[in-house]
Amino acid sequence: MTRYLRPRTLDEALALRADAAGSSALTILAGGTDVYPVRTHRAAWFEAYNRDVLDLSAVPELGGISHDAHGTRIGATATWSAIASAALPPAFAALKQASRQVGGVQIQNRGTVGGNLCNASPAADGMPPLLALDAQVELASLRGRRRLPLADFVLGNRRTALAADEILVAIHVPAPAEQTRSTFLKLGARAYLVISIASVAAVIATDAAGRIASIKIALGACSAAPQRLAGLEARLVGQAATPALAETVSAADLASLSPIDDVRASAAYRRQAALVLVRRALAGLLTSPLEVAA
Ligand SMILES: Cc1cc2nc3c(=O)[nH]c(=O)nc-3n(C[C@H](O)[C@H](O)[C@H](O)COP(=O)(O)OP(=O)(O)OC[C@H]3O[C@@H](n4cnc5c(N)ncnc54)[C@H](O)[C@@H]3O)c2cc1C
C-alpha cells in the first residue's frame, strides 16, 4: 500500500526523504501539474506506479517571496500566480511575464517554480528568466544545505543535480543593479496554453553613457537544458544601447544551441525562431521605458 505523506516542517520532510533515499520509492509532490500527468500516462499504459507521495504543500519554510539587501528569495513552492502578483523589482519583469504564460490560470494557481525547475524540461518557462537573473538554488538534506548556480542544477532533459535525499528549498536572485530591465518572449503553436517551441529571456542594465553595462540572454527549448548565450553577451557589453543593436545579432551568435526535431517543431525552425525572438527581445528592451514589475 502506498503512503501519502504531508509533513508540516522542513525537518520532517527531510527525514522522510532521507528514509526513502535508498529505495527511490517516493515522489515529491508540489503542485502536481507535472507529477499527475506522468502518473496518469503510466496508468493508461498499465505501468505500475506505486510510489509513496511526499506532499510539500504544508511546509511553510518552502513558500513565500521576500527581499533583503542581498537580493530576493523565492520559496520553492511559490506558485506562478504568487510570482505574478508579487511586488518585485523591474529586473523581474521577465519572470513575471513567464509566470503568466505557464499553462492557464488553473495551472498557474497550482504549479510552482520549484516543480518547474526540478522537472527539468528543456521547455520549462521558468528557466530562461531565472538563468538570466543569475539565480541560485538552495538545496537541503539532513546532511546540511548547499547552493548551486541554476545552470549547474539543471543538467539536461529531466536531469538535475538534486541528490536522492535532497529537497529544493528556495531560489535566490542577487540584487540587480538599478535600472535593470528584462523581458521574456515565448513562441508556441498558438498564443496561450502552449509548450514553448522556443523562448528567450533578456536582462539588460545600461550605464550613464547609454551603453550596455550588463546583458544576460537565456534561451529555452533549444537545447537539452535552457542555456545562456555567453558569447553574445560578451560581444554586446559596452555597445551603444539602441534598438539597432538587436539587428546585429546573427545566427552565428546562437551557434551553441542544439535544438531537436520533435512534434512541436523542426530543429531548423527552432533555430530561426530563436534568432527572431532574441532580436525582438533586445529591440523591445532597448526601445521601451523601464517596466515596473509590480
Ligand atoms: C495543462 C498544462 C500546461 C502546462 N503548461 C506549461 C507551460 O506553458 N510552461 C511550463 O514551463 N510548464 C508547463 N506545464 C508544466 C507544469 O505546470 C510546470 O512545470 C509547473 O511549474 C510544475 O510545478 P508543480 O508544482 O506542479 O510540480 P510537480 O508536478 O509537483 O513536481 C514536478 C517535479 O518536481 C519535483 N519537485 C517538485 N518540487 C520539488 C522540490 N521542492 N524539491 C525537489 N523536487 C521537487 C517533483 O518530484 C516532480 O519530479 C504545464 C502543465 C500542464 C498540466
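Cluster membership for Leu282 and Val200, using ILVMFWY side-chain heavy atoms within less than 4.5 angstrom, is shared. Under the 4.5 Å side-chain heavy-atom criterion for Ile, Leu, Val, Met, Phe, Trp and Tyr, Leu285 and Ile215 are members of the same hydrophobic cluster. Both Ile217 and Val237 are assigned to one and the same hydrophobic cluster, defined by single-linkage of ILVMFWY side chains at heavy-atom distances under 4.5 Å. Val194 and Ile260 are members of different hydrophobic clusters when ILVMFWY side chains are connected at heavy-atom separations under 4.5 Å. Residues Phe184 and Leu257 do not share a hydrophobic cluster, defined by chaining ILVMFWY side chains whose heavy atoms lie under 4.5 Å apart.
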Please step through side-chain contact (heavy atoms from CB on, under 4.5 Å) for the pair Met127 and Leu150, ending with a clear verdict. CA-CA 8 Å; Met127 279 292 292; Leu150 179 55; 3.8 Å; yes
Ser57/Arg6 under side chain to side chain donor-acceptor pair (under 3.5 Å): CA gap, chis, key distance, verdict: CA-CA 8 Å; Ser57 62; Arg6 194 161 185 259; 3.2 Å; yes
Check the pair Glu61, Leu56 against side-chain contact (heavy atoms from CB on, under 4.5 Å), reporting the backbone distance first and the verdict last. CA-CA 10 Å; Glu61 193 179 342; Leu56 299 180; over 6 Å; no
Could you go through Thr27 and Arg51, starting from their C-alpha distance and side-chain angles, then the distance that decides it, and tell me whether this counts as side chain to side chain donor-acceptor pair (under 3.5 Å)? CA-CA 6 Å; Thr27 297; Arg51 295 157 63 104; 2.8 Å; yes
Could you walk me through whether Asp55 and Tyr4 pass the side chain to side chain donor-acceptor pair (under 3.5 Å) check? CA-CA 7 Å; Asp55 179 345; Tyr4 191 93; 2.5 Å; yes
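Classification of Glu233 and Lys216 as a salt-bridged pair fails, no side-chain N sitting under 4.0 Å from a carboxylate O. Salt bridge status for Arg228 with Asp134: present, with a side-chain N to carboxylate O gap under 4.0 Å.
Taking the side chain as every heavy atom from C-beta outward, Ser196 and Lys186 approach each other to under 4.5 Å. Inter-residue side-chain proximity for Leu286 and Thr242 is flagged as unmet; no heavy-atom pair is nearer than 4.5 Å. When side chains are defined from C-beta on, Ile83 does not count as touching Phe92, because their heavy atoms never get closer than 4.5 Å. The closest side-chain heavy-atom distance from Asn116 to Trp80 is below 4.5 Å.
Leu155 and Ala225 get closest at one heavy-atom pair: C-CB, 4.3 Å. In terms of heavy-atom proximity, Ala30 sits nearest to Thr112 at CB-OG1, 3.6 Å. Residues Leu88 and Lys96 come closest through the heavy atom pair CD1-CE, 3.8 Å. In terms of heavy-atom proximity, Ala265 sits nearest to Ile197 at CB-CG2, 3.5 Å.
Arg279 contributes a side-chain N or O that, together with a main-chain N or O of Val249, makes up a donor-acceptor pair within less than 3.5 Å. No donor-acceptor pair closer than 3.5 Å links the side chain of Glu166 to the backbone N or O of Leu162. Formation of a donor-acceptor pair under 3.5 Å by the Asp253 side chain with backbone atoms of Ser250 is found in this model. Remark: the backbone N or O of Pro259 is not paired with any side-chain donor or acceptor of Arg271 at under 3.5 angstrom. Panel note: side chain Asp261, backbone Ala267; a donor-acceptor pair is recorded below 3.5 Å. A donor-acceptor pair under 3.5 Å is formed between the side chain of Thr77 and the backbone N or O of Leu62. Under the 3.5 Å distance criterion, the side-chain polar atoms of Thr40 are matched with a main-chain donor or acceptor of Tyr36. Between the side chain of Arg181 and the backbone N or O of Ala205 there is no donor-acceptor pair closer than 3.5 Å. Here the side chain of Asp52 pairs a donor or acceptor atom with the backbone of Arg3 at under 3.5 angstrom. Between the side chain of Arg73 and the main chain of His172, no donor-acceptor pair closer than 3.5 Å is present.
Within 6.0 Å of OH in Tyr192 there are 12 or fewer heavy atoms belonging to other residues, nucleotides or ligands. Around CZ of Arg235, the count of heavy atoms belonging to other residues, nucleotides or ligands within 6.0 Å exceeds 12. The environment of CZ in Arg158 is crowded: more than 12 heavy-atom neighbours from other residues, nucleotides or ligands sit within 6.0 Å.
The CZ atom of Arg147 sits 6.0 Å away from the CD atom of Gln136 when rounded to the nearest 0.5 Å. A distance of 6.0 Å separates CG of Leu229 from CD of Gln227, quoted to the nearest 0.5 Å.
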